[in-house]
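By convention in this document, chain letters (A, B, ...) are assigned in the order of the sequence lines, proteins followed by strands, and residues within each chain are numbered from 1. Worth knowing before you read on, the calculation uses all heavy atoms, side chains too, and leaves out hydrogens, waters and symmetry mates.
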There are 2 protein chains.
Amino acid sequence: MSALAEPNRLQIVELLRDEPYTVGEIADQLRLRQPQVSKHLRVLSEAGLVEVQPIANKRIYKLRHQPFSQLDDWLESFLNVWDERFDRLDEYLEDLKKKDRGE
Amino acid sequence: MSALAEPNRLQIVELLRDEPYTVGEIADQLRLRQPQVSKHLRVLSEAGLVEVQPIANKRIYKLRHQPFSQLDDWLESFLNVWDERFDRLDEYLEDLKKKDRGE
DNA sequence: CACAAATATTCCTTGACAAGAATATTCCCT
DNA sequence: AGGGAATATTCTTGTCAAGGAATATTTGTG
């Protein structure tokens, strides 16, 4: 997750969401210098967020889906808790109504 | 998102997922020193991930749900792309079958 | 009001990390 | 093999953030 903390890296990831790009294309679109892009891609790669496909002397980078669905699972574990709490609040309100009717 | 990049802060957030805690309780459970916990909670608070409820001289910290559902939305925008691509792959395979049958 | 518990803040030091510049590597082409 | 394009790596420098220790602040209690 710390790989996504760096702003430029986040931009790269969001750029790659739509389609794969080469290092040069990424550098152009984000107005970054090539060495920094390579370095950021290295970090993203080691974090498993990205994979490379070498074609000639170009390297095409694309996102890997696993870490994202993994992060999604992690997030669900948070959202679920709130859902459950909401359910319990629901029950609580139902109880109130019943008492109100004298049950 | 950089607020979650720090390991101890991530631990704090995961601890708070289950229920609210005071600063001292967090420090005890995670084996951290109180000042660091206070500092981390400050960062989490300024990032909007957490909110405080002062009771006496204690301060009870709990998660806020908005940033998490927001992060979830962001993630969905990634997962959606893969779903769409999977759909297109599906169509592609259907086309192959039709051609195979000579249509 | 003095004291104690809980928490926040400050100052300092150290380590990590990102950018810049220069250079190395890899691949294709002729 | 030599040259050029695309990308990676190294080295250096400056900045920032986390931890440690000490101290300040707030709140309740006798």
Could you tell me from which nucleotide to which nucleotide of DNA chain C, 5' to 3', there is an atom under 4.0 Å from chain A heavy atoms?
C:dA18 to C:dC28
Nearest-nucleotide 5' precedence on DNA chain C, B:Lys58 against A:Glu6:
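Taking each residue's closest nucleotide, the earlier one in sequence belongs to B:Lys58.
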Over how many whole Å does the gap from [X] atom [atom1] to [N] atom [atom2] extend?
X	N	atom1	atom2	answer
A:Leu41	D:dT9	CG	C1'	14 Å
A:Asn57	D:dA6	CG	C1'	5 Å
B:Arg42	D:dG19	CZ	C1'	17 Å
B:Ile55	D:dT27	CD1	C1'	13 Å
B:Lys39	D:dC16	NZ	P	17 Å
A:Glu46	D:dT9	CD	P	9 Å

Between the side chains of A:Thr22 and A:Arg59, does any donor sit under 3.5 Å from an acceptor?
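No, A:Arg59 and A:Thr22 have no side-chain donor paired with an acceptor closer than 3.5 Å.
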Given the rule that I, L, V, M, F, W and Y join up when any side-chain heavy atoms are under 4.5 Å apart, are [X] and [Y] in one cluster?
X	Y	answer
B:Leu10	B:Val50	yes
B:Leu16	B:Leu32	yes
A:Val52	A:Leu41	yes

Report the relative orientation of the aromatic rings in A:Phe78 and B:Phe68; use parallel for angles under 30°, tilted for 30 to 60°, perpendicular for over 60°.
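If you compare the ring of A:Phe78 with that of B:Phe68, the planes turn out parallel.
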Has the side chain of B:Arg9 got a donor or acceptor atom that lies under 3.5 Å from a matching backbone atom of B:Leu4?
no
Any donor-acceptor N/O pair, B:Arg64 side chain to B:Leu49 backbone, under 3.5 Å
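No, because the side chain of B:Arg64 does not come within donor-acceptor range (under 3.5 Å) of the backbone of B:Leu49.
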Take atom CZ in A:Arg42; do more than 12 heavy atoms of anything else shown fall under 6.0 Å from it?
no
So which atom in B:Met1 and which in B:Leu71 form the shortest heavy-atom distance, rounded to 0.1 Å?
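Looking at all heavy atoms of both residues, the shortest contact is CE-CD1, 3.4 Å.
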So, is A:Arg59 near the phosphate of D:dA6, with a side-chain N or O under 4.0 Å from OP1 or OP2?
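For D:dA6, OP1/OP2 do not have a side-chain N/O of A:Arg59 under 4.0 Å.
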Does any residue of residues 17-35 of chain A have a heavy atom under 4.0 Å from DNA chain D, and if so, which ones, in number order?
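DNA chain D contact set from residues 17-35 of chain A: A:Thr22, A:Val23, A:Gly24, A:Gln34, A:Pro35.
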